[in-house]
Number of protein chains: 2
Amino acid sequence: MAVSMHDVARAAGVSVRTVSNVVNNFAYVRPETRRRVLEAMEELGYVPNAAARSLRRSRTGLIALVVPDFRARIFADLAGPVVREAEALGHRVLIEVTDSDRERELQVLMGGRNQLTDGAIMMALSLRPEDGRRRRPGYPLVLMGDHVLEGDIHHVAIPNREASLAVVRHLVSTGRRRLMLLGHGPHGSETASMRLRGFLDGLAEAGLPADEALMVAADWSRARGRQAIEEHIDSGRPLPDAIFAMNDSLAFGALRALREHGVLVPQEVALVGFDDVEEARYSTPSLTSVSPDLEAMAAHAVAMLHEQIIGKPSGREPHITVDFHLRVRESSQ
Amino acid sequence: MAVSMHDVARAAGVSVRTVSNVVNNFAYVRPETRRRVLEAMEELGYVPNAAARSLRRSRTGLIALVVPDFRARIFADLAGPVVREAEALGHRVLIEVTDSDRERELQVLMGGRNQLTDGAIMMALSLRPEDGRRRRPGYPLVLMGDHVLEGDIHHVAIPNREASLAVVRHLVSTGRRRLMLLGHGPHGSETASMRLRGFLDGLAEAGLPADEALMVAADWSRARGRQAIEEHIDSGRPLPDAIFAMNDSLAFGALRALREHGVLVPQEVALVGFDDVEEARYSTPSLTSVSPDLEAMAAHAVAMLHEQIIGKPSGREPHITVDFHLRVRESSQ
DNA sequence: CTGAAAGCGCTAACAA
DNA sequence: TTGTTAGCGCTTTCAG
């Protein structure tokens, strides 16, 4: 067995109570006593036992960050800030990947297989609104992204509609008239439909027609972006003068296809993406893209979760949409 | 308080022992009894308490994956497989970020602040060989990457030297003679020096001189890659006919600088990176790059750690170097 | 096959 | 300011 508090107490000639006080930085320990205890800890190589503490406090100090995919850039950019914020509030973060599997997402909603985490922040992709009712009562939970579930679940959203509208306005302001929307359809998420909505609103606002032939279905990957544009060109249909890709991957795929067919970007076709991945600044041409304030998302989500965990009511609004910036670069000028 | 085994036992009219047997899928429970217990669990919404179990078993079921940075692609590509492999062996993964901070890395080496994890897989960047002696004895640990520490610490390595040698051979075989090495220096890691070594070995093998002026220092980022090439061009020094960038980011930065100065890749300068990030297949031109077998790394690391945790001796070699492939693409043909 | 009961290491109420 | 002590919920030894 490992060294326990009792061993330390004995070595330091005090009671476990005092050792506990020292370990937890409580007041009311005489400096001299504290020193002796610290010394004994050092000497014996004492390390507190997380399990025992959790059991006693009925809190593990762990929160879950549940994401669909490790490789998605949104994950990479969100995880850092989430971990940082969480640590600042005294939590550690257990990262869990669902692969967008509905069963796994439901699992989280219902509080997990075992009581390992004090709460969860989840980017759910496969849940349905009515799943909200299956939430385990009392398990602190914050949703990120667009998934709004039934029941009053805390939620931090990306400004999909607003940002898409801003993209259309930008393109129209530079004289583009035949806008293609790339990525509509198969993905089928809330996210996609909100971006579609902003796109349509933008067209309406500019008095432009919504041309079905220019709303192209595609999974959100480079390969599919490339393929979609390739097929469009091969079919002989006229090109749009601007493409709004629902994410940057699609945009890069499209860019590759355009280049292979000798289409000039932005002279003949303007191109805009969504997410503002690092690569956007370095591609040829550099890519105009929507940059959501992910740091703010992380901060809000953690703060909301923390309040639920410590049971503070907080007058905070349970639904927040963060800010965004449209980074205009070479591909749309 | 949450529902405990006692509650379930009472509801099912059995003893806690039996409930435990059911929960842990032990034998010797009559089907009828099992059914009753399962029913009671369902009805009461029983969820096992991880803390109590850990305390009793003196194992948390958690292993730590310790990485320098969330956004590094190597992390993204390693984390998925590690989590998968770990779950297959019954562990869950707690991800920890060190920001390459030596203190934090040492912390891990010494077993962590509290006994939260049963062991750790670490990509250490800032540790020094002699730090190996500070390892907490008995804490299962596997290192990933190049950092070899003193003491007999299990270790899975990337084939830096071998792969760099292969890159040089490839470039030489396509007629290149003045090779630049980009990324040498500041990064200062084992990784960098092994890649340098392979580069030099390759030159020697081909009977080419090692030209100091063509070994350019740069942090491993796009920005620095771009800047380094820019400065080289501005200085009026003659260009090399091939550039081997120590990672893909550097290569993309270099590519951008070359393009801005009208240098044709690969006609005038061939370009090769290291890591084979997804982007390499989609850049213009697509990038030749070294692709280490990260899945294998993950699998080996988890297997090694698992054996340490369960205390199986295993005849396994404690130092493994995984395989790699050189993906030859447009940038070097 | 099932029951009773002893702790795992820690926190915190209560006492001194 | 410090000591004593009762559990937190679970696994597991020992008995039936």
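A, B, ... follow the sequence lines: proteins, then strands. Residue 1 opens every chain. Quick note: numbers below take in every heavy atom, side chains included, and nothing from hydrogens, waters or symmetry partners.
The side chain of Arg53(B) places an N or O atom within less than 4.0 Å of a non-bridging phosphate oxygen (OP1 or OP2) of dT11(D). In terms of phosphate contacts, Ser15(A) brings no side-chain nitrogen or oxygen within less than 4.0 Å of OP1 or OP2 of dT4(D). When the side-chain nitrogen and oxygen atoms of Ser58(B) are compared with OP1 and OP2 of dC8(C), none of them lie within a distance under 4.0 Å. Thr18(B) has no side-chain polar atom (N or O) that falls below the 4.0 Å cut-off from OP1 or OP2 of dC1(C). In terms of phosphate contacts, Asn24(A) brings a side-chain nitrogen or oxygen within less than 4.0 Å of OP1 or OP2 of dT11(C).
We find that CG of Asp7(B) is positioned 8 Å from P of dG9(D), with the value rounded to whole Å. As rounded to whole Å, 17 Å separates atom C1' of dT2(D) from atom CZ of Arg35(A). We find that CG of Asn49(A) is positioned 13 Å from C1' of dC8(D), with the value rounded to whole Å. Rounded to an integer number of Å, the gap from CZ of Arg59(B) to C1' of dG9(D) is 19 Å. Rounded to whole Å, the distance from CG on Asn21(A) to P on dA13(C) is 12 Å. One can place CG of Leu44(B) at 15 Å from C1' of dG9(D), the figure rounded to the nearest angstrom. The CD atom of Glu32(B) sits 14 Å away from the C1' atom of dT2(C) (whole-angstrom rounding). Taking atom CZ on Phe26(A) and atom C1' on dT1(D), their separation rounds to 14 Å, with Å as the unit.
More than 12 heavy-atom neighbours from other residues, nucleotides or ligands sit within 6.0 angstrom of CD on Glu87(A). Atom CD of Glu32(B) is surrounded by more than 12 heavy atoms from other residues, nucleotides or ligands within 6.0 Å.
When heavy atoms are screened at a 4.0 angstrom cut-off, Ser4(B) is found touching the sugar-phosphate backbone but no base atom. Using a 4.0 Å heavy-atom criterion, one finds that Val14(B) contacts the sugar-phosphate atoms exclusively. In this structure, Thr33(B) reaches the sugar-phosphate backbone alone: every heavy-atom distance under 4.0 Å involves primed, P, OP1 or OP2 atoms, never a base.
Of the two residues near DNA chain C, Ala50(A) and Val16(B), the one whose nearest nucleotide lies more 5' is Val16(B). Map Ser20(B) and Arg57(A) each onto its nearest nucleotide of DNA chain D; the residue landing nearer the 5' end is Arg57(A).
Rounding to the nearest 0.5 Å places CD of Glu105(A) at 10.0 Å from CG of Asp99(A).
Each of dT4(D), dT1(D), dG3(C) was ranked by its minimum atom distance to the side chain of Arg30(A); first place goes to dT1(D).
With respect to Arg104(B) and Glu96(B), no salt bridge is recorded, no charged nitrogen being found less than 4.0 Å from a carboxylate O.
Taking only distance into account, the side chain of Arg17(B) meets the base of dT13(D) through a donor-acceptor pair shorter than 3.5 Å.
Checking Asn160(B) against Thr191(B) by side-chain atom types alone, no donor-acceptor pair falls below 3.5 Å.
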